[in-house]
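A short write-up of the structure that comes next.
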Protein chains: 2
Amino acid sequence: MSQAATPLPPVDAKSSDDTRERILDAAEHLFTENGFEGTSMRMITGAAGVNLAAVNYHFGSKEQLIQEVFRRRLTWLNQERLRILDELETEAAGKPIKPSLIVDAFFGTLIRMAEHEELGGRTFLRLIGRTMTEPSGFIRAFFAEEYAAVVDRYKQALFKALPDVPKAEIVWRFHFMLGATSYAIAGTDALRIVTDWGIEPQEAEEGLDKLLPRLMTFLLGGLRAQLPQFVEPPSK
Amino acid sequence: MSQAATPLPPVDAKSSDDTRERILDAAEHLFTENGFEGTSMRMITGAAGVNLAAVNYHFGSKEQLIQEVFRRRLTWLNQERLRILDELETEAAGKPIKPSLIVDAFFGTLIRMAEHEELGGRTFLRLIGRTMTEPSGFIRAFFAEEYAAVVDRYKQALFKALPDVPKAEIVWRFHFMLGATSYAIAGTDALRIVTDWGIEPQEAEEGLDKLLPRLMTFLLGGLRAQLPQFVEPPSK
DNA sequence: ATCAAATTCAAACGAGTGTTTGAATCATAT
DNA sequence: ATATGATTCAAACACTCGTTTGAATTTGAT
C-alpha cells in the first residue's frame with residue numbers, strides 16, 4: 001500500500017512507466033476484444049508480461065484501471081474538440097458556425113484518431129464505440145463526467161447554427177449522430193458478419209479511408225433533414 | 001439429465017411453462033440492466049422465484065438461455081419484417097418501393113414493439129440496442145444467423161429503390177441507420193446523463209411517442225443525402 | 001390407487017474471480 | 001557501501017461463478 005494513492009508519477013519517467021503502459025495497452029486491446037467483464041486481471045497481466053499484482057499496485061483496482069484506459073485517450077480527445085471549437089468560434093466572430101464544421105470537429109476528430117497509432121488507433125475507436133452502450137453504472141458515470149462540458153459546448157453551437165430547428169430536435173439528432181458513429185466504428189467487423197456486404201470485399205477493406213466522408217454526409221443529411229410532422233394517434 | 005435435450009415442449013402448455021416464462025422475463029430485465037456477464041444465474045433465479053437449477057434444467061446452460069431470450073422476440077420481429085416487405089413488394093408489382101416505406105418497415109417495426117408489453121416492450125428494445133455492440137463471439141454468431149435473411153432482403157430492396165446510389169454506399173448507410181436506431185433505444189437514459197438535455201424534462205419524457213417520427217426523418221435524411229466526394233489525401 | 005415421467009429442491013463441485021500479503025529484488029541517493 | 005523507498009514476485013485469501021448431483025416432490029395417465 002506504499003504509494004498507490006499518488007495519482008500520476010510526478011514529472012520524470014521512471015522505468016516503471018513501462019509497466020503502466022504495458023498494462024494499459026494490453027487492457028485496451030483485451031477490453032476491445034472481450035469486454036470488461038470478459039477480461040480478467042490474469043489475462044491482462046499475462047498479455048502485458050507483468051506480475052498479477054502489478055495492476056492493483058499501479059492502479060488500485062480493475063475499476064480504476066478501466067477508467068485510466070479511457071482517461072489517457074479521452075482527455076486529449078475532448079481537449080482537442082474544445083480547442084477546435086474555440087478556433088471555429090473565434091473565426092466566426094459571433095456568427096453561427098456552419099453545421100458541417102461543427103459536426104466534423106466533434107465526430108471527425110474522433111474518427112481521425114484511428115489513423116494515429118499513438119492515440120490508440122482503431123483499437124481504441126472500437127472500444128469507445130462499444131462502451132457507449134455499456135450498462136455498468138460506474139462507467140456511465142465516468143463518461144458523463146468526462147463528456148459533460150464538451151457535449152454542452154457543442155450543443156450550444158448547434159443551437160446557434162440551426163436557429164430554425166427546435167432545441168429538442170437538435171438534441172435528439174445529436175443523439176442519433178452519436179449512435180451512427182459509435183456503431184460505425186464499433187462494428188466494422190461486428191456487423192460485417194450480419195450484412196456480409198454483398199459488395200466486393202476489397203471495397204469493404206479500404207473502409208476506414210472512406211468511412212469519414214461517408215459518415216459525414218450521412219450525419220449532415222440527418223441533421224439537416226426536414227422536421228418531423230407529429231401525427232396525432234388515430235383516435236384514443 | 002432427464003429430458004434437457006427436448007428443444008421445446010411439444011404442443012400443449014404444461015404448468016412448467018410458468019417457470020420457463022418467469023425465467024425468461026427475469027433474465028430479460030436483468031440482462032438489460034446489468035449485461036450478460038453482469039447477471040448471474042443466482043440473480044435470475046432469485047428474481048424469478050425459482051430454484052437455481054431450473055435454468056440448467058429448462059435451457060441447458062446460461063448461453064442457451066441468452067439465445068432463448070432473444071429468439072422468442074426476434075423470430076416474431078423478423079418474420080413480421082419479412083411479411084411487411086412481401087406486402088410492399090406485392091403492391092409495388094415489380095417497381096421500386098419508396099425508401100421511406102422500406103425504412104419504416106425495418107426500423108419502425110422494431111420501435112413499435114416498445115408499445116406492446118407482450119412483445120417485451122421498452123425492456124427488450126433497450127436490450128437489443130445494447131447487444132448489437134456485444135463483443136461475445138457466440139452472440140455475434142447467433143445474431144448473424146438470426147438476421148442474415150432479413151438484412152439481405154432489405155438490402156436488395158434498397159438497392160432497387162435507390163438505383164443511383166452505389167451499393168457500397170447503401171450498405172454503409174444501412175449500417176449507420178442501425179447504429180442510430182440501436183443507440184436511440186438503448187440510450188434513452190444512458191446518454192440522458194451525458195447530455196442532460198438542456199430542454200424541459202417534460203419534453204424528454206414523452207420521448208417514445210415522438211421518437212419514431214424523429215428517428216425516421218433523421219434516417220431518411222441520411223439515407224438520401226448527397227453522395228460523399230472522396231478527397232484524395234493531400235500528397236503522399 | 002399405482003406407476004412413471006417431469007419437475008423442483010438443497011447441497012455441493014471445481015474452476016475462476018479480484019484483491020491482499022509479506023518477502024525478495026531493484027533503483028537511487030547519501 | 002549502505003540505507004531507503006519503489007517495484008516485483010509467488011502464494012494465498014475469501015468469494016462468486018455456472019453447473020451437476022441425487023433425492024424429494026409433483027404431475028398426469030392408466
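Every chain is numbered from 1, with letters handed out A, B, ... down the list of sequences. Heavy-atom basis, side chains included; hydrogens, waters and symmetry copies ignored.
Listed pair A:His58 / D:dA6 fails the phosphate criterion, with no side-chain N or O lying under 4.0 Å from OP1 or OP2.
Applying the ring-ring contact (aromatic ring centres under 6.0 Å, His included) criterion to A:Phe124, with sequence neighbours excluded, gives no partner residue. A:Arg42 meets the side chain to side chain donor-acceptor pair (under 3.5 Å) test with no other residue; sequence neighbours excluded. Qualifying ring-ring contact (aromatic ring centres under 6.0 Å, His included) partners for B:Phe142, counting only residues two or more places apart in sequence or in other chains: none. Every residue two or more places apart in sequence or in another chain that forms a side chain to side chain contact (heavy atoms under 4.5 Å, CB included) with A:Ala54 is listed here: A:Thr19, A:Ile23, A:Val50, A:His58. A:Glu63 meets the side chain to side chain contact (heavy atoms under 4.5 Å, CB included) test with A:Ser61, A:Gln67, A:Phe138; sequence neighbours excluded.
Counting to the nearest Å, the P atom of D:dT26 and the CG atom of B:Asp18 are 16 Å from each other. A:Ile23 has its CD1 atom 11 Å from the C1' atom of D:dT8, to the nearest Å. Rounded to an integer number of Å, the gap from CZ of A:Phe59 to P of D:dT8 is 11 Å. At whole-Å resolution of the value, OH in B:Tyr57 and P in D:dG22 are 16 Å apart.
Of the possible polar contacts, one joining the A:Arg22 side chain to the A:Ala48 backbone as a donor-acceptor pair under 3.5 Å is found.
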Pull out every protein N or O sitting under 3.5 Å from an N or O of nucleotides 11-18 of chain D, one pair per line with the distance.
| residue | atom | partner | partner atom | Å |
| --- | --- | --- | --- | --- |
| D:dC17 | OP1 | B:Ser40 | OG | 3.4 |
| D:dG18 | OP1 | B:Lys62 | NZ | 2.5 |
| D:dG18 | OP2 | B:Met41 | N | 2.8 |
| D:dG18 | N7 | B:Arg42 | NH1 | 2.8 |
| D:dG18 | O6 | B:Arg42 | NH2 | 2.7 |

